Peer 1: 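Structure in structure tokens, see below.
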Amino acid sequence: MIQRTLVVLKPDTIQRKVAGEIISRFERLGYTIIAAKMMNASEELLFKHYEWIGALLTRKWQKVFDLTSSMMRGWPVFAMVLEWIEAIDVVRKVVWPTEPKSAAPGTIRWDYATMSYGYADANALWVVNLVHASATVEEAEQEIPLWFNESEFVK
Ligand code: UDP
Ligand code: MG
């Protein structure tokens with residue numbers, strides 16, 4: 001199935017100047033960028049993204065949610081919508097899982113990071129993992145209109 005998925009290059013990707021390398025991995029797989037922008041994510045947007053859709057506050061605890069939201073607001077992010085065959089599962093597979101320490105070699109979170117839940121929690125850090133990617137069809141359908149207006153898509 002042809003699908004659309006939301007990818008957000010997080011502040012750590014922009015700070016390390018590896019956005020191009022990461023985008024090229026999605027392009028290499030054949031995905032088309034059909035909307036993209038550098039932006040400052042607002043607190044409201046991040047609340048909707050991480051709690052209304054992602055249930056992060058419900059799943060974890062307040063400190064994790066606050067850290068994630070503030071780190072995502074501390075620097076610009078690069079948001080994009082990718083389209084092509086099985087975009088949601090394939091892109092997520094290249095990015096997944098949340099904890100870089102547990103990621104499979106060859107995934108983005110393995111290739112660019114080392115953070116573990118244990119170290120993050122013990123040191124009041126967020127889990128630095130470079131990229132957000134929609135995890136499910138439902139998540140993608142809710143996230144894409146949250147980050148992009150219809151007018152921001154190329155024809
Ligand atoms: N996060 C964190 N600590 C945690 C759980 C999550 O810092 O214990 C951050 C991390 O950056 C993660 C994001 O919050 O990517 C969203 O969490 P989720 O569990 O939805 O992971 P994802 O879908 O990004 O793999
Ligand atoms: Mg998630």
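These figures come from a predicted structure and were not determined experimentally. Both counts, for ligands and for their atoms, begin at 1 and track the order of listing. These values consider heavy atoms only, across backbone and side chains, with no hydrogens, waters or symmetry-generated copies.
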Peer 1: Considering only the protein, which heavy-atom contact is closest to atom 17 (O) of ligand 1, and what is its distance?
Peer 2: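 Ranking protein heavy atoms by distance from atom 17 (O) of ligand 1, first comes L56 CD1, 3.6 Å.
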Peer 1: So which heavy atom in the protein is nearest atom 1 (N) of ligand 1, and how far is it from that ligand atom?
Peer 2: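 The closest heavy atom on the protein side is T68 OG1, 3.8 Å.
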Peer 1: Any atom of ligand 1 sitting under 4.0 Å from a heavy atom of L67?
Peer 2: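 In this structure, L67 fails to qualify as a contact of ligand 1 - no heavy atom is under 4.0 Å.
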Peer 1: Does the side chain of T58 come under 3.5 Å of the side chain of E51 through a donor N or O and an acceptor N or O?
Peer 2: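 E51 and T58 do have a side-chain donor-acceptor pair below 3.5 Å.
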Peer 1: Just by distance, with hydrogens left out, do H49 and Q142 show a side-chain donor and acceptor under 3.5 Å apart?
Peer 2: no
Peer 1: Looking only at protein heavy atoms, identify the closest one to atom 7 (O) of ligand 1 and say how far it is in Å.
Peer 2: V127 N, 2.7 Å
Peer 1: Looking only at side chains, do T32 and E83 share a donor and an acceptor under 3.5 Å apart?
Peer 2: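 No, E83 and T32 have no side-chain donor paired with an acceptor closer than 3.5 Å.
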Peer 1: Might you point out which heavy atoms bring W96 and R109 nearest each other, and give the distance in Å?
Peer 2: CA-NH1, 4.2 Å
Peer 1: To which protein heavy atom is atom 24 (O) of ligand 1 closest, and what is the distance rounded to 0.1 Å?
Peer 2: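 So the nearest neighbour among protein heavy atoms is R109 NH2, 3.1 Å.
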Peer 1: Which is closest to atom 16 (C) of ligand 1 in terms of heavy atoms, Y50, W96, Y117?
Peer 2: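 It is Y50 whose heavy atom sits nearest to atom 16 (C) of ligand 1.
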Peer 1: Would you check whether R92 reaches within less than 4.0 Å of ligand 1, judged by its heavy atoms?
Peer 2: yes
Peer 1: Are D12 and Y112 side-chain neighbours, meaning at least one heavy-atom pair lies under 4.5 Å?
Peer 2: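 Heavy-atom side-chain distance check fails, nothing below 4.5 Å.
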Peer 1: Check whether any N or O atom of R59, backbone or side chain, sits under 3.5 Å from an N or O atom of ligand 1, and answer yes or no.
Peer 2: yes
Peer 1: Checking S24 against E21: is there a side-chain donor and acceptor pair closer than 3.5 Å?
Peer 2: no
Peer 1: Using a 3.5 Å cut-off on N or O atoms only, is K10 in polar contact with ligand 1?
Peer 2: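 It does: an N or O of K10 is found under 3.5 Å from an N or O of ligand 1.
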Peer 1: For atom 22 (P) of ligand 1, what is the nearest protein heavy atom, given as residue, atom name and distance?
Peer 2: T98 OG1, 3.4 Å
Peer 1: Would you verify whether the NZ or CZ of K60 falls within 45 degrees of the ring axis of Y117 while also being under 6.0 Å from that six-membered ring's centre?
Peer 2: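 Checked: cation-pi criterion met.
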